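Have a look at the structure below before the remarks.
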Protein chains: 2
Amino acid sequence: MSKRTVALLKEHGINPSSQRVRIYDYLVATEDHPTVDDIYAELQREGHLFSRATVYNTVNLFLKKGLIRAVRVEAKEMRFDASPGFHAHFKCESCGSVLDIPMDEPIPDDPDGLEYHGTSVIFSGLCRDCQKRKHSG
Amino acid sequence: MSKRTVALLKEHGINPSSQRVRIYDYLVATEDHPTVDDIYAELQREGHLFSRATVYNTVNLFLKKGLIRAVRVEAKEMRFDASPGFHAHFKCESCGSVLDIPMDEPIPDDPDGLEYHGTSVIFSGLCRDCQKRKHSG
DNA sequence: TTATGACTTTATAATCATTATAAAGTCATA
DNA sequence: TATGACTTTATAATGATTATAAAGTCATAA
């Protein structure tokens with residue numbers, strides 16, 4: 001129950017219930033862009049009694065308040081990202097893991113009068129482990 | 001029933017049935033990155049008797065053979081893109097339309113030993129029409 | 001203390017794009 | 001015209017997410 005998280009949630013107009021604080025703490029602690037089910041499974045493992053619906057409600061609230069970002073690297077699953085600043089994502093086609101890739105936000109050369117709000121860059125390929133696995137297996 | 005399409009499908013090892021040729025022709029003719037339902041609706045409108053399953057089968061076959069690309073700009077819907085060469089996409093948050101944005105493929109500065117296969121860049125914001133609509137409405 | 005009311009969480013059902021399955025149709029070739 | 005491989009089709013199944021409404025929580029006022 002991090003005091004810093006409580007303050008941060010309040011700053012964003014979010015009532016810091018214990019579930020919300022716990023979910024946010026997990027999101028910032030983990031690096032691997034969890035899905036709703038990842039979050040749900042981890043909280044269960046820790047012995048918390050959570051409903052999957054609460055996880056959905058909470059991440060949607062965080063998204064609406066701009067606290068986290070959604071990353072859709074997989075066909076179906078939505079993943080979440082609490083790390084600040086622009087960065088790209090890399091999705092391993094073999095093991096499905098998702099990594100952050102530091103990178104400047106690309107600027108389109110196109111002067112088409114569009115109003116740009118957000119940018120998403122997703123690379124795909126093979127991570128180091130899966131390259132090794134391919135060559136040895 | 002384009003002769004060029006028939007040849008192209010054959011080159012890619014795809015038996016050019018009339019449905020497949022028609023769907024490919026529609027994909028290259030349209031610029032707005034149709035969904036499966038867009039394709040299905042257009043073919044119905046033209047009086048063809050198609051099943052939705054055929055559209056799914058066909059676009060999945062095209063994807064597997066590398067004839068088209070999938071673009072997932074929206075939360076749920078998969079859209080398709082037959083235009084060649086790298087380009088980014090822009091999704092209007094208001095009307096949902098998807099535009100091509102000419103752009104060089106970004107190269108990650110990260111030397112992490114990853115094996116890169118593909119890149120997807122999606123911008124979001126407001127298209128020109130929706131900006132006007134916002135200011136006048 | 002107890003009542004009030006707003007907000008949270010929960011369980012359950014509903015939605016909806018997509019995939020799986022298996023039957024029916026097509027078509028070239030023997 | 002029989003065979004067999006490939007296509008299309010209708011239908012059911014899947015699975016992530018959202019909607020709904022009941023139950024729980026918690027601060028504050030009487």
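Any value given below was found using the heavy atoms of this structure, including those in side chains, with hydrogens, waters and symmetry copies removed. Because the structure is a prediction, the values reported are computed rather than measured. Lettering of chains follows the sequences in order, A, B, ..., and the numbering in each one begins at 1.
By the 4.0 Å N-to-carboxylate-O rule, A/E46 lies close enough to A/R22 to be salt-bridged with it. The existence of a salt bridge linking B/R79 and B/D32 is excluded, since no basic side-chain nitrogen approaches an acidic carboxylate oxygen closer than 4.0 Å.
Atom CZ in A/R52 sits roughly 15 Å away from atom C1' in C/dT9 (whole-Å rounding). Atom pair B/F50:CZ and C/dG25:P shows a separation of 18 Å (rounding to whole Å applied). In this structure, the CG atom of B/L63 is 13 Å from the C1' atom of C/dT18, given to the nearest Å. At whole-Å resolution of the value, NE2 in A/H48 and P in C/dT8 are 19 Å apart. Remark: P of C/dA13 and OH of A/Y56 are 17 Å apart, rounded to the nearest angstrom. In this structure, B/N60 atom CG and D/dT7 atom P are separated by 14 Å, rounded to whole Å. C/dT9 atom P lies 4 Å from atom CD of A/Q19, rounded to whole Å. Rounded to an integer number of Å, the gap from CD of B/E77 to C1' of D/dT18 is 16 Å.
Side chains of A/T119 and A/E105: a donor-acceptor N/O pair is present below 3.5 angstrom, by distance only. B/D38 and B/H33 form no side-chain donor-acceptor contact under 3.5 Å, judged by distance and modelled atom types alone. Using modelled atom types, one finds a donor on one side chain and an acceptor on the other under 3.5 Å when comparing A/D100 with A/S83.
Between C/dT10, D/dC6, D/dT8, one nucleotide has an atom nearer to the side chain of B/N15 than all others, and that is D/dC6. The A/T54 side chain lies nearest to C/dT9 when the options are D/dT9, D/dT7, C/dT9. Nearest to the side-chain atoms of B/R20 among the listed nucleotides C/dA11, D/dT8, D/dA10 stands D/dT8. Closest to the side chain of B/M78, out of D/dT9, C/dT9, C/dT18, is C/dT18.
Helical stems of DNA chain D (runs of at least 3 Watson-Crick or G-U pairs, donor-acceptor distances under 3.5 Å) are listed by first residue: C:1-30 with D:1-30.
Residues of residues 34-42 of chain A that place a heavy atom closer than 4.0 Å to DNA chain C do not occur.
When hydrophobic clusters are built by joining Ile, Leu, Val, Met, Phe, Trp and Tyr residues whose side-chain heavy atoms come closer than 4.5 Å, directly or via intermediates, A/L126 is not grouped with A/V98.
Taken to the nearest 0.5 Å, the CG atom of B/L27 stands 10.5 Å off from the OG1 atom of B/T5.
With a 6.0 Å radius and a threshold of 12 heavy atoms from other residues, nucleotides or ligands, B/Q44 has its CD atom above the threshold. Counting heavy-atom neighbours within 6.0 Å of B/E31 CD, excluding the residue itself, gives a total of 12 or less.
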